[in-house]
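Taking it in order: structure first as structure tokens, then the write-up.
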Amino acid sequence: MSARQQGGLDWVALMRAGLRGLGLHPDQFWSLTPAELALMLGIEAGLSGMTRARLAELSKAFPDAASPADDQETSLTEV
């Protein structure tokens, strides 16, 4: 029975994510608390990463407003 099945932490996967994925040095990895590592990996309890559906929902709720500068043509040569 693996640690994951027993309710423990999957240290091999966490080390792989921290050392390879985040590029942490071993001393940095081992100085983190599990909560800090989870935050860095984006796996906070109850929170998930941004999905396309959630982005669309937020874009609809908070549309970008055009600014007056967007209506004017600007030249890249003007400095």
Side-chain angles (χ1 to χ4, degrees):
M1 185 176 281
S2 72
R4 173 66 81 192
Q5 292 169 332
Q6 294 174 357
L9 296 175
D10 185 352
W11 285 107
V12 174
L14 291 173
M15 289 173 59
R16 186 178 300 113
L19 301 175
R20 290 186 188 166
L22 297 174
L24 299 172
H25 292 279
D27 60 324
Q28 294 170 317
F29 174 83
W30 290 111
S31 68
L32 295 171
T33 65
E36 290 169 330
L37 182 59
L39 177 66
M40 292 177 75
L41 293 172
I43 52 174
E44 301 171 70
L47 298 178
S48 63
M50 180 68 69
T51 63
R52 287 179 186 252
R54 180 66 177 140
L55 179 59
E57 181 182 317
L58 289 171
S59 294
K60 186 176 179 181
F62 303 99
D64 291 337
S67 68
D70 291 338
D71 295 333
Q72 300 173 0
E73 289 188 30
T74 57
S75 171
L76 296 177
T77 59
E78 295 177 1
V79 179

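Other residues, nucleotides and ligands place more than 12 heavy atoms under 6.0 Å from the CG atom of Asp27.
Note on residues 14-25: no pairs pass side chain to side chain donor-acceptor pair (under 3.5 Å), not counting sequence neighbours.
When every heavy atom of Gly18 is checked against every heavy atom of Leu37, the shortest pair comes out as CA-CD1, 4.5 Å. Closest of all the heavy-atom pairs between Leu24 and Leu32 is CD1-CD1, 3.7 Å.
Taken from CZ in Phe29 to CG in Leu22, the straight-line distance is 9.5 Å, to the nearest 0.5 Å. The distance from atom CD of Glu36 to atom CD of Gln28, rounded to the nearest 0.5 Å, is 12.0 Å.
Cluster annotation: Leu19 is not connected to Val12 through the hydrophobic network of ILVMFWY side chains, with a link wherever side-chain heavy atoms come within less than 4.5 Å.
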Show which side-chain atoms of residues 56-63 pair as donor or acceptor with protein atoms under 3.5 Å away, not counting sequence neighbours.
from: Glu57; atom 1: OE2; to: Arg54; atom 2: NH1; distance (Å): 2.6
from: Ser59; atom 1: OG; to: Leu55; atom 2: O; distance (Å): 2.9

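Applying the side-chain contact (heavy atoms from CB on, under 4.5 Å) rule to Ser31 yields no partners; only residues at least two apart in sequence or on another chain are considered.
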